[in-house]
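Because the structure is predicted, anything quoted here is derived from the model rather than measured. Within every chain, numbering begins at 1; the chains are lettered A, B, ... in the order of the sequence lines, protein sequences first and strands thereafter.
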Number of protein chains: 2
Amino acid sequence: MYTESIEDYLKAIYEIQKENGKVSTNSLSEMLSVAPASATGMIKKLSEKKLVTHKRYQGVKLTKAGQKISLEIIRHHRLIELYLAEALGVPWDQVHEEAEKWEHVLSEDLEDRMDAALGYPTRDPHGSPIPSRDGTILELDSIPLADLRAGQSAVVDEVSDHDPDLLRYVGKMGLYPKTKFKVLSIEPFNGPIKIKVEKSEHILGPGAAQYVFVTDIKGSKSEASQ
Amino acid sequence: MYTESIEDYLKAIYEIQKENGKVSTNSLSEMLSVAPASATGMIKKLSEKKLVTHKRYQGVKLTKAGQKISLEIIRHHRLIELYLAEALGVPWDQVHEEAEKWEHVLSEDLEDRMDAALGYPTRDPHGSPIPSRDGTILELDSIPLADLRAGQSAVVDEVSDHDPDLLRYVGKMGLYPKTKFKVLSIEPFNGPIKIKVEKSEHILGPGAAQYVFVTDIKGSKSEASQ
DNA sequence: AATAGAATTTAGTGGTATCTAAAAATAATA
DNA sequence: TATTATTTTTAGATACCACTAAATTCTATT
Ligand SMILES: [Mn+2]
Ligand SMILES: [Mn+2]
Ligand SMILES: [Mn+2]
Ligand SMILES: [Mn+2]
């Protein structure tokens with residue numbers, strides 16, 4: 001249908017749009033590791049195909065059609081990630097790379113079969129919601145672990161999946177989605193965070209704590225929850 | 001490593017080489033549904049990369065390096081076909097198309113995991129041998145069902161997997177690999193063939209019988225076996 | 001308001017892979 | 001052998017997607 005490049009751009013636009021609101025040429029070129037001029041060229045093409053709207057020098061926004069395709073590819077991606085983890089035991093830091101390629105050549109029939117084999121799941125191995133076939137997606141309201149305060153406990157909701165090193169680091173202390181933990185202490189000025197998972201204690205760097213999103217916060221009020 | 005196009009050409013060259021011996025520009029262009037000029041262009045590129053040897057107007061032949069890659073992709077293809085059939089219940093007439101795309105983006109790690117999950121299989125759903133990781137492959141000596149004579153019984157060894165219609169047709173009468181059957185009658189001049197599979201009788205057209213390969217022939221001597 | 005810096009776009013190029021049309025080489029036939 | 005037919009190659013064009021270098025536009029600062 002569409003080229004792999006087009007699909008990757010649409011996916012990137014969706015993700016930047018959700019994270020930053022505005023989608024600039026530079027942010028796209030950075031996320032996809034291409035030169036800014038390449039992003040401009042593709043933006044022009046996407047715009048002609050009515051997949052995005054674009055005002056010169058003003059960034060880009062997905063149209064309904066563009067978002068539909070974007071969510072379709074994200075669905076592929078996340079179903080694949082979960083399938084690889086569940087059915088073939090691929091570790092959670094490796095599923096992303098594999099899915100990044102496979103997502104573009106997955107048939108609708110196989111998509112459905114994997115969906116059924118997994119019992120119609122709603123989350124991928126990193127906790128990210130899996131879009132439905134008709135293009136709707138759950139919006140998460142979880143907050144970075146880094147914004148918690150000492151004494152609070154919470155449940156891991158989602159972990160950013162773009163850096164395998166982060167996933168291995170976070171996985172070593174058992175911080176998988178749905179895992180409950182407690183913040184024992186948190187040093188000011190973005191200091192290290194001491195947490196307790198199950199029976200064991202871990203120290204978590206602030207750089208990592210920014211990419212672990214949590215929900216179900218219990219205990220004293222968090223400053224970031226408002 | 002190599003482009004999808006290069007991999008598809010190498011795979012096609014391997015298959016034509018096995019079937020016809022000589023690999024002409026036209027046979028390649030036909031198998032890959034491209035113009036003869038396109039095949040000539042790719043042959044030039046493959047030749048420069050030392051993946052094939054080529055004498056102008058004389059056809060093409062895989063080098064050791066070319067065959068290695070070719071068998072690597074065929075291994076991907078057949079492992080994928082079997083995995084889809086076994087693990088996800090994809091019917092045998094659909095696995096080929098899915099594998100045709102996926103084979104190019106399968107990682108070595110996932111290849112190994114699928115291999116292990118399947119118990120290190122040696123045949124794909126159509127009976128074709130799966131090349132080993134180091135690039136060796138079993139040579140089959142089965143003959144077309146069409147060459148059998150009345151009264152003989154045999155076992156299906158391999159069915160050509162390029163035409164989904166043929167696979168559905170053949171599948172309807174249960175002629176899957178390893179299935180034993182008996183030839184009840186065979187009309188001369190490429191006439192229809194009456195066979196018995198399990199307890200039921202079927203009529204098989206000669207066009208199809210040419211693409212079903214059999215082994216383990218019992219009964220009166222077949223004219224094609226010498 | 002003028003200027004400096006950053007972001008974005010334009011212009012021109014290269015690699016890959018395809019195509020059509022025409023030329024060249026080989027093979028088949030009269 | 002000469003002619004015709006088939007096969008293969010060459011020539012030239014298009015589409016896609018990336019790049020660098022330079023020009024343009026926007027933004028922030030003085
Ligand atoms: Mn991708
Ligand atoms: Mn993920
Ligand atoms: Mn292929
Ligand atoms: Mn097969």
Could you check whether [X] pairs with [Y] (Lys NZ or Arg NE/NH1/NH2 to Asp/Glu carboxylate O, under 4.0 Å)?
X	Y	answer
Glu4(B)	Lys101(B)	yes
Arg123(B)	Asp157(B)	yes
Lys11(B)	Glu72(B)	no

* **Under 3.5 Å donor-acceptor, Thr215(A) side chain and Ser142(A) backbone** =>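 Flag not set: sc Thr215(A) to bb Ser142(A) has no pair under 3.5 Å.
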* When you measure from the side chain of Trp92(B) to the backbone N and O of Ala85(B), does any donor-acceptor pair fall under 3.5 Å? ->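 Judged by distance alone, no pair lies under 3.5 Å.
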* Which nucleotide, dC16(D), dC19(C), dT9(C), lies nearest any side-chain atom of Arg56(A)? ->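 Of the candidates, dT9(C) comes closest.
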Rounded to whole angstrom units, what separation is found between the [atom1] atom of [X] and the [atom2] atom of [N]?
X	N	atom1	atom2	result
Leu32(A)	dC19(D)	CG	P	10 Å
Glu4(A)	dA18(D)	CD	P	10 Å
Lys45(B)	dT18(C)	NZ	C1'	11 Å
Lys55(A)	dT25(D)	NZ	P	18 Å
Leu28(A)	dT8(C)	CG	P	10 Å
Ile43(A)	dC17(D)	CD1	P	14 Å
Leu46(B)	dA17(C)	CG	P	9 Å

Presence of [X] side-chain N/O under 4.0 Å of [N] phosphate oxygens OP1/OP2:
X	N	value
Lys44(A)	dT10(C)	yes
His54(A)	dT9(C)	yes
Ser5(B)	dT18(C)	yes
Ser38(B)	dT18(C)	no

* Asked: What about His77(B) and His96(B), are their ring centers closer than 6.0 Å?
  ->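 Between His96(B) and His77(B), which both carry aromatic rings, the centre distance is below 6.0 Å.
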* Asked: Between His76(A) and His104(A), does the ring centroid distance fall short of 6.0 Å?
  ->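 When the ring centroids of His76(A) and His104(A) are compared, they turn out to be at least 6.0 Å apart.
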* Between Thr3(A) and Ala37(A), who's closer to the 5' end of DNA chain D by nearest nucleotide? ->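 The 5'-side residue here is Thr3(A).
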I'd like a list of close polar pairs between nucleotides 4-7 of chain D and the protein, N/O only, cut-off under 3.5 Å.
none

* Touch check for Tyr9(A), heavy atoms < 4.0 angstrom, all strands: base, sugar-phosphate only, or nothing? ->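 Sugar-phosphate: the residue Tyr9(A), judged by heavy atoms under 4.0 Å, touches backbone atoms but no base.
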